[in-house]
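This report concerns only the one structure given below.
Computed from a prediction, not measured in an experiment: that's the story for all the values here.
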Amino acid sequence: MIWPFNKLLKRNYAVADSYFVKMGMPVYTNWTVEKAVKEGYRSNGWVYRSVYLIAKAVSQVQWVVANQDGEHIEGHHLSKVFQKPHPNLSRQDLFELVSSWLELAGNSYLLKVKAGGKTKEMWPVSPDRLAPLPSKNIAEWMQGYALDGKNKVEFKPEEIVHHKFFNPANPLLGIAPLEAAARTVDVDNAMQDWNKSAMQNRGVIDGVMSFKREFNSQEEVDIVSEKLNESIAGAANARKVKVVGSEAKFQRMGLNPAEMDFNNSRVFNREEIFIVFGIPPVYAGVTDAATMNNYKVSELIFWFQTVIPLLDDIKDTFNRSFTDELGKNEN
């Protein structure tokens, strides 16, 4: 068995309808890494922070081959592969990528590069490029993996190390935490956009300015509107009162900040996003009522409820994938 070793440890939604409906066809999904990064990881600070913390924690763990007593087997070729898995990526880079793909896409793929019947390198393949291809033969489970939208087997199952989060609707394709949090992330991003727009131009039509005099044309109305907007829009003019002309009447239509209650709503969004990713808010940097004691407790919660279970899943997948290269009582 391949073990993680660390001195501190000592030990929009996937569209695949159903695995059983897709028998014999590649299971592609519209939930992609590109979409997850664009709409979540890059655009939402709390998603970024969650993935960052998990990826950094997972990547600091060393991996070795051990015997049944948990003792390291010196010089094992797989231990060497895990120390230097790729010519252009360090061990830390590779495992940051694997864990980030899992959190964002629900799947992570590594291609085993072999020589002389033994794995020499592990090459990451984007989840956007590979798709599991179920077998029509129920005893075979799956045929392999299709590549780049094709409907044929490009890689056999034993050539790919496929880490995934469990998906009860389709055991061949994982579900990402970000998918589960997608609605909350969308709402939070929309609220930030609203706030940004409100700072720039009050976000919505704040009110209607009416005049008793008549305008000669729509062009004249537009010119007056533009002049008013130029004089009150932007952060420098926020919440200022402008007096124009004579016999003008203003009626407020937009909600004020207290009515919108953005801050409290965003706190709820933050808590839900952190819960889905398994990040204690205090450990992520939330300072509300934070103390050194509950920070230490939150760190333990993070490791024992989020990181170690994830490492166990990764370890189990490696052991299954490298069964043919592990000797008796090696794990």
Does L104 offer a backbone N or O that forms a donor-acceptor pair with the side chain of W31 under 3.5 Å?
yes

Is it the case that more than 12 heavy atoms not belonging to E219 sit under 6.0 Å from its CD atom?
no

Show every salt bridge (charged side-chain N to carboxylate O under 4.0 Å, His left out) that has at least one partner inside residues 59-87, sequence neighbours left out.
none

Classify the side-chain pair S43/N189 by whether it contains a donor and acceptor separated by less than 3.5 Å.
yes

How long is the span from the OH atom in Y41 to the OG atom in S50, to the nearest 0.5 Å?
10.5 Å

Look only at the side chain of E272 and the backbone of N269, and say whether a donor-acceptor pair between them is shorter than 3.5 Å.
no

Nearest-0.5 Å distance, OG1 of residue T119 to NE2 of residue H77:
6.0 Å

Could you report the tightest heavy-atom contact between A176 and A105, atom names first, then the distance?
CB-C, 3.4 Å

Paired with E103, the side chain to side chain contact (heavy atoms under 4.5 Å, CB included) test is passed by just one of L310, L178, V47, namely L310

Measure the shortest side-chain to side-chain distance between L111 and M122 over non-hydrogen atoms and say whether it is less than 4.5 angstrom.
no

Do F82 and F318 have ring centroids that are under 6.0 Å from one another?
yes

Which value, rounded to the nearest 0.5 Å, describes the distance between K296 atom NZ and Y283 atom OH?
13.5 Å

Within a 6.0 Å radius of atom NZ on K156, are there more than 12 heavy atoms belonging to other residues, nucleotides or ligands?
no

Looking at K56 and E96, is any side-chain nitrogen of the basic one under 4.0 Å from a carboxylate oxygen of the acidic one?
yes

Atom CD of Q83 and atom CG of L78: how far apart are they, to the nearest 0.5 Å?
12.0 Å

Inspect the contact between D188 and R183 and indicate whether a charged nitrogen and a carboxylate oxygen are less than 4.0 angstrom apart.
no

Would you say P124 and H86 make side-chain contact, with heavy atoms under 4.5 Å?
yes

Please tell me if the side chains of F165 and N107 come closer than 4.5 Å, counting only heavy atoms from C-beta onward.
no

Take atom OH in Y52; do more than 12 heavy atoms of anything else shown fall under 6.0 Å from it?
no

Is there a donor-acceptor pair closer than 3.5 Å between any side-chain N or O of S108 and the backbone N or O of W101?
no

Could you tell me whether Y295 atom OH has more than 12 heavy atoms of other residues or ligands within 6.0 Å of it?
yes

Are Y109 and Y145 close enough that their ring centers fall under 6.0 Å?
yes

P281 to E271 - nearest heavy-atom pair and separation:
CG-OE1, 3.4 Å

Hydrophobic clusters here meaning ILVMFWY residues chained together by side-chain heavy-atom distances under 4.5 Å, can you tell me if L89 and V58 are in one?
yes

In sequence, state the C-alpha distance, the side-chain angles, and the governing distance for E34 and R42, and then conclude on salt bridge (charged side-chain N to carboxylate O under 4.0 Å, His left out).
CA-CA 10 Å; E34 182 180 3; R42 181 181 294 164; over 6 Å; no

Within the 3.5 Å criterion, strictly below it, is a donor on Q143 or S135 matched to an acceptor on the partner's side chain?
no

To the nearest 0.5 Å, atom CZ of R129 lies from atom CG of L147 at 5.0 Å

Enter the distance from R49:CZ to I54:CD1 here, rounded to the nearest 0.5 Å.
11.5 Å

